[in-house]
A.B. asks: 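Below is a structure I'd like to ask you about.
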Amino acid sequence: MKNSILYCLAAASMVLSFFFENSSPASSAASAAPTTQEASFLSGLLSGDEEPHTLTASDSLAYDKAAHRLGIAASYTEDKSLLETVVSWLGTPYRYGSNSKSGTDCSGFVTRVYKEAYGITLQRSSRSMFSSVKHVQKDEMQTGDLVFFRRGPGQPIYHVGIYLKDGKFAHSATNGGVMVSSLNQAYYSRNFYAAGRVER
């Protein structure tokens with residue numbers, strides 16, 4: 001229900017923005033203020049803040065496009081830069097020890113996304129990343145947190161990904177390259193070890 005309301009509000013914002021942007025030149029100056037006010041009002045409703053923030057129609061479209069590619073529902077509060085950066089890496093093949101768009105392993109993917117989206121340089125291995133993050137509970141994970149995997153008690157961490165939302169995370173898998181998977185899939189549910197938050 002909440003998602004339906006958010007989608008309706010976003011659609012209304014885009015329609016109103018389109019109407020004001022395509023009005024006659026004589027009224028373009030007058031239409032600029034209502035467009036900004038409407039977008040600002042709608043974004044305040046979407047974010048739940050008392051102080052509304054400006055969310056333009058193009059921002060809404062960018063969120064929707066990235067969220068669709070990632071298979072998540074946009075709430076317009078996620079870090080748009082992170083989502084778009086992850087989308088730009090989708091389909092990159094897996095290559096052990098590499099971190100480029102011609103091929104990357106899991107930690108290479110995570111380090112490159114964090115550098116591009118946040119300007120943060122992370123440790124290169126999943127184990128060293130784990131030792132340098134603030135650990136968070138699974139039910140407290142937020143978009144951008146890191147998720148770590150191991151093959152059983154006492155085993156070392158062997159895999160890392162970036163949590164998106166709705167139980168989904170982005171990672172570079174040996175059997176498919178950069179993709180979005182669900183923590184509810186049997187393999188990842190069984191091997192999930194912990195989540196960590198990088199101070200940004």
A.B. asks: Between the main-chain N or O of Ala186 and the side-chain N or O of Ser189, is there a donor-acceptor pair closer than 3.5 Å?
C.D. replies: no

A.B. asks: Mind listing the closest non-hydrogen atom pair of Phe148 and Ile157 along with its distance?
C.D. replies: CD2-CG2, 4.1 Å

A.B. asks: To the closest 0.5 Å, what do you measure between CD (Glu199) and OG (Ser132)?
C.D. replies: 10.5 Å

A.B. asks: Kindly give the heavy-atom pair with the smallest separation between Ser172 and Tyr94, and that separation in Å.
C.D. replies: OG-CD1, 3.4 Å

A.B. asks: Rounded to the nearest 0.5 Å, how far does OH of Tyr158 lie from SG of Cys106?
C.D. replies: 9.0 Å

A.B. asks: Please report the closest heavy-atom contact between Ala74 and Lys165, naming both atoms and the distance.
C.D. replies: C-NZ, 4.4 Å

A.B. asks: Applying side chain to side chain contact (heavy atoms under 4.5 Å, CB included) to Tyr76 and Asp64, what does each step give before you reach the verdict?
C.D. replies: CA-CA 8 Å; Tyr76 310 101; Asp64 289 339; 2.7 Å; yes

A.B. asks: Measure across Gln123 and Ser128 and return the closest heavy-atom pair with its distance rounded to 0.1 Å.
C.D. replies: CB-OG, 3.1 Å

A.B. asks: Once you round to the nearest 0.5 Å, how far does CD1 of Ile72 lie from NZ of Lys168?
C.D. replies: 8.5 Å

A.B. asks: Are His159 and Asn191 close enough that some pair of their side-chain heavy atoms sits under 4.5 Å apart?
C.D. replies: no

A.B. asks: Return the minimal non-hydrogen interatomic distance between Gly196 and Val133, and the atom names on each side.
C.D. replies: CA-CG2, 3.6 Å

A.B. asks: Tell me if a side-chain donor or acceptor on Thr92 pairs with a main-chain N or O of Gly103 at a distance below 3.5 Å.
C.D. replies: no

A.B. asks: Considering all heavy atoms of both residues, which atom of Arg200 and which atom of Gly144 are nearest to each other, and what is their separation?
C.D. replies: NH1-O, 3.8 Å

A.B. asks: Roughly how far, to the nearest 0.5 Å, is the CD atom of Glu84 from the OH atom of Tyr63?
C.D. replies: 8.5 Å

A.B. asks: Taking Tyr96 as the starting point, is it possible to reach Val110 by hopping between hydrophobic residues whose side chains are less than 4.5 Å apart?
C.D. replies: no

A.B. asks: Would a single hydrophobic cluster contain both Tyr118 and Leu70, if residues Ile, Leu, Val, Met, Phe, Trp and Tyr are joined by side-chain heavy-atom contacts under 4.5 Å?
C.D. replies: yes

A.B. asks: Aromatic rings Phe130 and Tyr193: how do their planes relate, parallel, tilted or perpendicular, breaks at 30° and 60°?
C.D. replies: tilted

A.B. asks: Tyr163 and Val160: same hydrophobic cluster, using ILVMFWY side-chain contacts below 4.5 Å?
C.D. replies: no

A.B. asks: Hey, are the side chains of Lys115 and Thr121 touching, using non-hydrogen atoms and a 4.5 Å cut-off?
C.D. replies: yes

A.B. asks: Are Thr143 and Asp79 packed together at the side-chain level, in the sense that at least one heavy-atom pair is separated by less than 4.5 angstrom?
C.D. replies: no

A.B. asks: Around atom NE2 of His68, are there more than 12 heavy atoms from other residues, nucleotides or ligands closer than 6.0 Å?
C.D. replies: no

A.B. asks: Run the side chain to side chain contact (heavy atoms under 4.5 Å, CB included) test on Met129 and Thr111 for me, step by step, so that the C-alpha distance in whole Å, both residues' side-chain angles and the decisive distance to 0.1 Å come before the verdict.
C.D. replies: CA-CA 9 Å; Met129 284 181 202; Thr111 56; 3.4 Å; yes

A.B. asks: Taking the side chain as every heavy atom from C-beta outward, state whether Met141 and Val147 have any pair of such atoms under 4.5 Å apart.
C.D. replies: yes

A.B. asks: State, without any angle test, whether Ser100 and Ser102 hold a side-chain donor-acceptor pair at a distance under 3.5 Å.
C.D. replies: yes

A.B. asks: If you define the side chain from C-beta out and look only at heavy atoms, does anything of Val178 sit under 4.5 Å from Lys101?
C.D. replies: no

A.B. asks: When rounded to the nearest 0.5 angstrom, what distance separates CZ in Arg124 from CG in Asp105?
C.D. replies: 4.5 Å

A.B. asks: In terms of heavy-atom contacts, does NZ of Lys65 have more than 12 from other residues, nucleotides or ligands at under 6.0 Å?
C.D. replies: no

A.B. asks: Looking at Lys134 and Asp145, is any side-chain nitrogen of the basic one under 4.0 Å from a carboxylate oxygen of the acidic one?
C.D. replies: no

A.B. asks: Is there a path of hydrophobic side-chain contacts, each under 4.5 Å between heavy atoms of I, L, V, M, F, W or Y residues, that connects Val198 with Leu164?
C.D. replies: yes

A.B. asks: For the residue pair Val87 and Leu83, establish whether any side-chain heavy-atom pair is separated by less than 4.5 Å.
C.D. replies: no

A.B. asks: Can a donor-acceptor pair be found, under 3.5 Å and without considering hydrogens, that links the side chain of Gln185 to the backbone of Leu183?
C.D. replies: no

A.B. asks: How long is the span from the CD atom in Gln142 to the OG1 atom in Thr77, to the nearest 0.5 Å?
C.D. replies: 9.5 Å

A.B. asks: Start with the C-alpha distance between Leu146 and Tyr114, add both sets of side-chain angles, then the distance that settles side chain to side chain contact (heavy atoms under 4.5 Å, CB included), and finish with yes or no.
C.D. replies: CA-CA 10 Å; Leu146 303 183; Tyr114 256 75; 3.7 Å; yes

A.B. asks: Kindly assign one of parallel, tilted or perpendicular to the pair Tyr188 and Phe149, based on the angle between their ring planes and the thresholds 30° and 60°.
C.D. replies: perpendicular

A.B. asks: Side chains of Phe109 and Ile162: closer than 4.5 Å at any heavy-atom pair?
C.D. replies: yes

